[in-house]
Amino acid sequence: MEFTVFRVLGQRFRLRTTVTALAAGALLTAGCSSSDESPGEAAGGVPVVEVGKLTTCTHLPYPPFQFERDGKVVGFDVALIDLVAKKLGVEQKVLDTPFENFKTGAFLNSGECDLAAAGMTITDERKKNVDFSVPYFDATQALLVGGKSGVRTLAEVKERKKKLGAQAGTTGESYAKGQGFDPVAFESSDAVLNGLRTGQVDAVVTDYPVVQEWLKDKAVADAFVLGQNIDTGEQYGISVKKGNDKLRAAVDRAIMDARADGTYDKLYEQWIGPLPQGRS
Ligand code: ARG
């Protein structure tokens with residue numbers, strides 16, 4: 001099992017390579033750099049930060065979008081980016097980075113990663129620092145509460161002065177703040193769930209598909225219930241460095257092709273669950 005730990009800017013990084021079948025296009029992969037500062041170029045002249053790789057920044061764990069299983073990072077986002085990598089004739093490599101990075105685009109700008117995929121919502125604020133692909137997933141926010149907490153809605157959490165938690169820097173946290181809460185901020189989504197489990201908080205606001213995934217675990221479902229599904233109308237996107245139109249176009253193409261040829265639906269069912277009813 002490959003497991004490398006290295007430090008960048010004082011942060012701990014885990015480096016994993018996911019399995020991507022090398023496409024026939026691999027032959028097209030040029031190993032030398034162009035006028036761009038990127039050291040590599042993939043099929044179609046798309047710049048990459050490491051020769052032969054498509055390096056994805058993410059923030060683990062975020063099941064079902066990215067999480068570790070049997071020593072590998074897998075999930076819906078990982079599978080989608082594998083499609084991009086395949087088209088580019090390279091192999092995806094996943095880096096676990098601080099969530100803050102997704103807003104600032106720091107690791108895209110510094111050439112650490114080619115793109116970021118982290119179940120990340122497209123927001124105007126983030127758009128100031130990074131460019132997004134076409135949307136690839138619709139999400140809402142969910143309120144997960146203790147089964148015996150006696151509260152089911154955000155209004156009740158407020159009324160009964162219960163403690164609310166969220167992942168720092170996420171849209172769930174900003175939604176809660178917008179509703180007048182000062183949520184306890186956790187560093188990652190598993191820390192959010194732990195905060196709930198250990199009673200640090202009584203309820204949490206997190207993306208609905210993640211809560212849905214958590215509830216598949218009997219221990220979680222026995223103790224907690226979905227209090228509210230809050231339609232925030234969010235859409236996930238893959239981000240690239242501002243102005244990296246070649247890579248953005250390649251990502252868009254992979255997403256659109258996957259939607260057109262049924263691959264998207266297959267991956268959705270594999271990683272997320274039954275396709276939403278009435279989906280167009
Ligand atoms: N969709 C939310 C956002 O963009 C949460 C994303 C959290 N992602 C993660 N890998 N922990 O803020």
Side-chain angles (χ1 to χ4, degrees), residues 11-16 18 55-69 72-81 92-108 112-113 115-144 164-179 181 183-196 204-214 228-240 251 268 271-272:
Q11 297 286 345
R12 188 171 54 87
F13 279 77
R14 280 172 293 169
L15 165 62
R16 289 293 173 77
T18 68
T55 309
T56 302
C57 267
T58 196
H59 184 75
L60 297 170
Y62 209 56
F65 300 99
Q66 44 266 314
F67 58 101
E68 294 178 69
R69 192 166 69 190
K72 260 197 327 178
V73 180
V74 296
F76 184 73
D77 287 0
V78 181
L80 267 192
I81 303 302
Q92 179 179 194
K93 177 173 126 182
V94 183
L95 292 188
D96 187 15
T97 61
F99 192 73
E100 176 65 12
N101 164 43
F102 301 111
K103 190 177 91 191
T104 63
F107 287 79
L108 298 172
E112 225 70 57
C113 296
L115 47 78
M120 182 183 22
T121 305
I122 302 171
T123 69
D124 287 340
E125 200 197 354
R126 291 171 184 169
K127 270 193 206 159
K128 287 181 196 153
N129 298 325
V130 298
D131 285 346
F132 279 100
S133 68
V134 291
Y136 68 90
F137 186 85
D138 294 336
T140 57
Q141 291 294 321
L143 183 72
L144 186 68
L164 186 65
Q167 190 192 327
T170 60
T171 46
E173 183 190 53
S174 12
Y175 178 81
K177 286 182 175 167
Q179 299 297 309
F181 290 90
V184 177
F186 294 97
E187 192 271 329
S188 62
S189 84
D190 56 346
V192 169
L193 183 57
N194 266 332
L196 194 58
V204 296
V205 180
T206 299
D207 292 23
Y208 174 71
V210 173
V211 166
Q212 197 181 20
E213 187 65 28
W214 287 347
Q228 230 186 327
N229 190 341
I230 307 158
D231 189 1
T232 47
E234 292 176 49
Q235 291 188 304
Y236 291 172
I238 306 296
S239 66
V240 301
V251 174
Y268 193 106
W271 294 106
I272 295 156

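Worth saying up front: this structure is predicted, and the values here are computed from it rather than measured. Both ligands and their constituent atoms are indexed starting at 1 by order of listing.
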Peer 1: With a heavy-atom distance limit of 4.0 Å, tell me whether Phe99 approaches ligand 1 through its side chain, its backbone, both, or neither.
Peer 2: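 Contact part for Phe99 vs ligand 1: side chain (C-beta onward).
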Peer 1: Pull out every atom of ligand 1 sitting under 4.0 Å from any heavy atom of Asp207, numbered as shown with elements.
Peer 2: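 Those of ligand 1 that fall under 4.0 Å from Asp207 are 1 (N), 2 (C), 5 (C).
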Peer 1: What pair of heavy atoms forms the shortest contact from Gln141 to Gly172, and how long is it?
Peer 2: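 Heavy atoms of Gln141 and Gly172 come nearest at OE1-CA, 3.3 Å.
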Peer 1: Record the part of Tyr236 in heavy-atom contact with ligand 1 below 4.0 Å; permitted values are side chain, backbone, both and neither.
Peer 2: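 Looking at Tyr236 and ligand 1, just side chain atoms fall under 4.0 Å.
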Peer 1: Could you tell me whether the side chain of Ser189 and the main chain of Pro61 form a donor-acceptor pair under 3.5 Å?
Peer 2: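 Checking the backbone N and O of Pro61 against the side chain of Ser189, a donor-acceptor pair under 3.5 Å is found.
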Peer 1: Please report the C-alpha distance between Val74 and Trp271 in whole Å, then the side-chain angles of each, then the deciding distance to 0.1 Å, and finally whether the side-chain contact (heavy atoms from CB on, under 4.5 Å) criterion is met.
Peer 2: CA-CA 9 Å; Val74 296; Trp271 294 106; 3.6 Å; yes
Peer 1: Numbering the atoms of ligand 1 from 1, which are under 4.0 Å from a heavy atom of Gln167?
Peer 2: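 Numbered from 1, ligand 1 contributes 7 (C), 11 (N).
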Peer 1: Which ligand 1 atoms does Met120 reach within 4.0 Å, using its non-hydrogen atoms?
Peer 2: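 Reading through ligand 1 atom by atom, the close ones are 4 (O).
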Peer 1: For ligand 1, which atoms sit closer than 4.0 Å to a heavy atom of Thr170?
Peer 2: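 Every atom of ligand 1 under 4.0 Å from some heavy atom of Thr170: 5 (C), 12 (O).
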Peer 1: Judged by modelled atom types alone, do Tyr62 and Asp77 share a side-chain donor-acceptor pair under 3.5 Å?
Peer 2: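 Their side chains do not contain a donor-acceptor pair, so the 3.5 Å distance test is not met.
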Peer 1: Which residue and non-hydrogen atom of the protein lie closest to atom 10 (N) of ligand 1, and at what distance in Å?
Peer 2: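 Heavy-atom neighbour on the protein nearest atom 10 (N) of ligand 1: His59 O, 2.9 Å.
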Peer 1: Side chains of Thr232 and Glu234: is there a donor and an acceptor less than 3.5 Å apart?
Peer 2: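 There is such a pair between these side chains.
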Peer 1: Regarding atom 12 (O) of ligand 1: of the candidates Thr171, Thr121, Ile122, which has the closest heavy atom?
Peer 2: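 Going through Thr171, Thr121, Ile122 one by one, Thr171 has the nearest heavy atom to atom 12 (O) of ligand 1.
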Peer 1: How far does CG of Asn101 sit from SG of Cys113, to the nearest 0.5 angstrom?
Peer 2: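 The distance works out to 6.5 Å.
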Peer 1: Need the ligand 1 atom indices (1-based, order shown) with element for anything under 4.0 Å from a heavy-atom of Ala118.
Peer 2: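 Here the atoms of ligand 1 in question are 6 (C), 7 (C), 8 (N), 9 (C), 10 (N).
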Peer 1: Starting from atom 6 (C) of ligand 1, which protein heavy atom do you reach first, and at what distance in Å?
Peer 2: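 Protein heavy atom with the smallest distance to atom 6 (C) of ligand 1: Gly119 O, 3.3 Å.
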Peer 1: Using a 3.5 Å distance criterion without hydrogens, assess whether the side chain of Thr58 forms a donor-acceptor pair with backbone atoms of Asp96.
Peer 2: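 Answer holds: no.
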Peer 1: Check each heavy atom of Ser189 against ligand 1 and say whether those closer than 4.0 Å belong to the side chain, the backbone, both or neither.
Peer 2: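 Answer for Ser189: neither.
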Peer 1: Under 30°, 30 to 60°, or over 60°: which ring-plane class applies to Tyr268 and Phe137, parallel, tilted or perpendicular?
Peer 2: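 Tyr268 vs Phe137 ring planes: parallel.
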Peer 1: Pairs of nitrogen or oxygen atoms closer than 3.5 Å, one from Gly169 and one from ligand 1: do any exist?
Peer 2: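 No, since none of the N or O atoms of Gly169 sits under 3.5 Å from an N or O of ligand 1.
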Peer 1: Just to be sure I read this right, does ligand 1 sit under 4.0 Å from the backbone of Arg126, its side chain, both, or neither, counting only heavy atoms?
Peer 2: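 The answer is the side chain of Arg126.
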Peer 1: For the pair Arg126 and Thr171, evaluate side-chain contact (heavy atoms from CB on, under 4.5 Å) and give the outcome as yes or no after the intermediate values.
Peer 2: CA-CA 11 Å; Arg126 291 171 184 169; Thr171 46; 4.2 Å; yes
Peer 1: Nearest protein heavy atom to atom 5 (C) of ligand 1, by residue and atom, and its distance?
Peer 2: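 So the nearest neighbour among protein heavy atoms is Tyr62 OH, 3.3 Å.
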